[in-house]
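FYI, side chains are in, hydrogens and waters are out, and symmetry mates aren't considered; it's all heavy atoms of this structure. Given the structure is predicted, the values throughout are model-derived calculations rather than measurements.
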Amino acid sequence: MASQYYQEMQESFRNNNKSREFPAHTAKVHSVAWSCDGRRLASGSFDKTASVFILEKDRLVKENNYRGHSDSVDQLCWHPTNPDLFVTASGDKTIRIWDVRTTKCVATVNTKGENINICWSPDGQTIAVGNKDDVVTFIDAKTHRSRAEEQFKFEVNEISWNNDNDMFFLTNGNGCINILSYPDLKPIQSINAHPSNCICIKFDPTGKYFATGSADALVSLWDVEELVCVRCFSRLDWPVRTLSFSNDGKMLASASEDHFIDIAEVETGEKLWEVQCDSPTFTVAWHPKRPLLAYACDDKEGKYDNNREAGTVKLFGLPNDS
């Protein structure tokens, strides 16, 4: 028997399965993220800029473009509780903190290498940034000074704190999840999660689970307390690049080079919906309050219309009649 939640969401998506695209950048979009209050969506691009949109009912309205980086903006994230601040990680060996109220760069922090991943601690006090040389730097969000720096002997892919802020997780190129205590950064455990490269990691908002995506095209769901794998999702055929839990923690979106985004029911692993795409998907992010999914694809690739503008941000879950 399908769960009541499953039936409700199926019904919801039957009426709200429209996707719409919004011009955001002049080159491909690497990262999208919602502010904690869900009012704004930020996107970071190969064109060296970040863009911020305001969500108005069923559309995204461009608010501002943020310039300053001299290389690609590879990842960005918002402050966990302040809806006005976000941070960008760039290949130009800096991170920048921006304030949407002044549209200015609040701080530029120089780092040692080309930055590829970034996350903000749940308590808002620390920003962790990882670079291409597998160094993770922990930066004080107030003083903008480096608190700690860790060089790892393996390929670091994505990084995240747990929701309680007392452990720090890394996914690595050997298929492992490495867990460190925080703030003292002592190794607690290394979990052999996948037979190949473990690419992305996300914690669900309720703190019960985290999910990892791997080059073996599997998404695995883990119990945070027990650190055991509770189930796998295997509908994708390509390396899983990006994951996002819905605001209630009950849905998990995952995407890859497959031309669809898989939306699964977390508790059963059942497919709730799939969002059709014309090309590989780089990034997905559920809205923090509504069943709306922001995503960005590799618009320019392949046999499609090459004149189509790269650099759009897409929104799925809009009313069919909108």
task: I would like to know whether Y295 and T242 meet side chain to side chain donor-acceptor pair (under 3.5 Å); could you show each step before the answer?
output: CA-CA 10 Å; Y295 62 105; T242 175; over 6 Å; no

query = Are L252 and I263 in one and the same hydrophobic cluster, where Ile, Leu, Val, Met, Phe, Trp and Tyr link if side-chain heavy atoms are under 4.5 Å apart?
reply = no

Exercise. Spell out, as yes or no, whether a donor-acceptor pair under 3.5 Å connects the side chain of Y6 to the backbone of K271.
Key: yes

Between M9 and W273, is the side chain to side chain contact (heavy atoms under 4.5 Å, CB included) condition met? List the steps.
CA-CA 9 Å; M9 287 318 299; W273 205 262; over 6 Å; no

### Query
Would a hydrophobic clustering, with Ile, Leu, Val, Met, Phe, Trp and Tyr connected at side-chain separations under 4.5 Å, put V224 with I179?
yes

Inset, instruction - Let me see the working for F260 and Q276 under side chain to side chain contact (heavy atoms under 4.5 Å, CB included), right down to the final yes or no. - result: CA-CA 4 Å; F260 67 91; Q276 295 301 319; 4.2 Å; yes

By ring-ring contact (aromatic ring centres under 6.0 Å, His included), F169 pairs with (sequence neighbours left out) F203, F210

Check: Within the distance-only criterion (no hydrogens, no angle test), does the side chain of N174 pair as donor or acceptor with the backbone N or O of C176 below 3.5 angstrom?
Finding: no

Item to check | Steps toward side chain to side chain donor-acceptor pair (under 3.5 Å) verdict (S3, E267) | outcome: CA-CA 9 Å; S3 68; E267 282 305 337; over 6 Å; no

N/O donor-acceptor pair under 3.5 Å between T26 side chain and D47 backbone | no

To the nearest 0.5 Å, atom OG1 of T281 lies from atom CZ of R241 at 8.0 Å

Audit row: W98, V52, side chain to side chain contact (heavy atoms under 4.5 Å, CB included) steps and yes/no = CA-CA 11 Å; W98 310 85; V52 171; over 6 Å; no

- Query: In the single-linkage hydrophobic clustering (I, L, V, M, F, W, Y; side-chain heavy atoms under 4.5 Å), do L218 and L243 co-cluster?
  - Reply: no

Besides W34, the hydrophobic cluster formed by Ile, Leu, Val, Met, Phe, Trp and Tyr side chains linked at under 4.5 Å, directly or via other members, contains F22, V29, V32, L41, F53, L55, L60, L292, V313, L315, L318

Checklist entry - Where the side chain of T212 meets the backbone of C200, is there a donor-acceptor pair that is under 3.5 Å apart? => result no

Note to self: Do the side chains of D298 and K28 get close enough for a salt bridge, i.e. N-O under 4.0 angstrom?
What the structure shows: yes

Check: Where the side chain of S35 meets the backbone of R40, is there a donor-acceptor pair that is under 3.5 Å apart?
Finding: yes

- [ ] Using a 4.5 Å cut-off on heavy atoms from C-beta on, say whether the side chain of N178 contacts that of F152.
- [x] no

Give the C-alpha distance, both sets of side-chain angles, the deciding distance and a yes or no for side chain to side chain donor-acceptor pair (under 3.5 Å) between N115 and S90.
CA-CA 5 Å; N115 300 312; S90 168; over 6 Å; no

Residues 163-189 vs salt bridge (charged side-chain N to carboxylate O under 4.0 Å, His left out), sequence neighbours excluded, gives none

Check your understanding: Can the ring centroids of F138 and F168 be said to lie less than 6.0 angstrom from one another?
Key -> yes

E225 side chain to K208 backbone, donor-acceptor under 3.5 Å:
no

*For the hydrophobic clusters of this structure (ILVMFWY residues joined by side-chain heavy atoms under 4.5 Å, transitively), does one cluster hold both W78 and Y66?*
yes

The reported gap from CD in E150 to OG1 in T137 (rounded to nearest 0.5 angstrom) is 9.5 Å

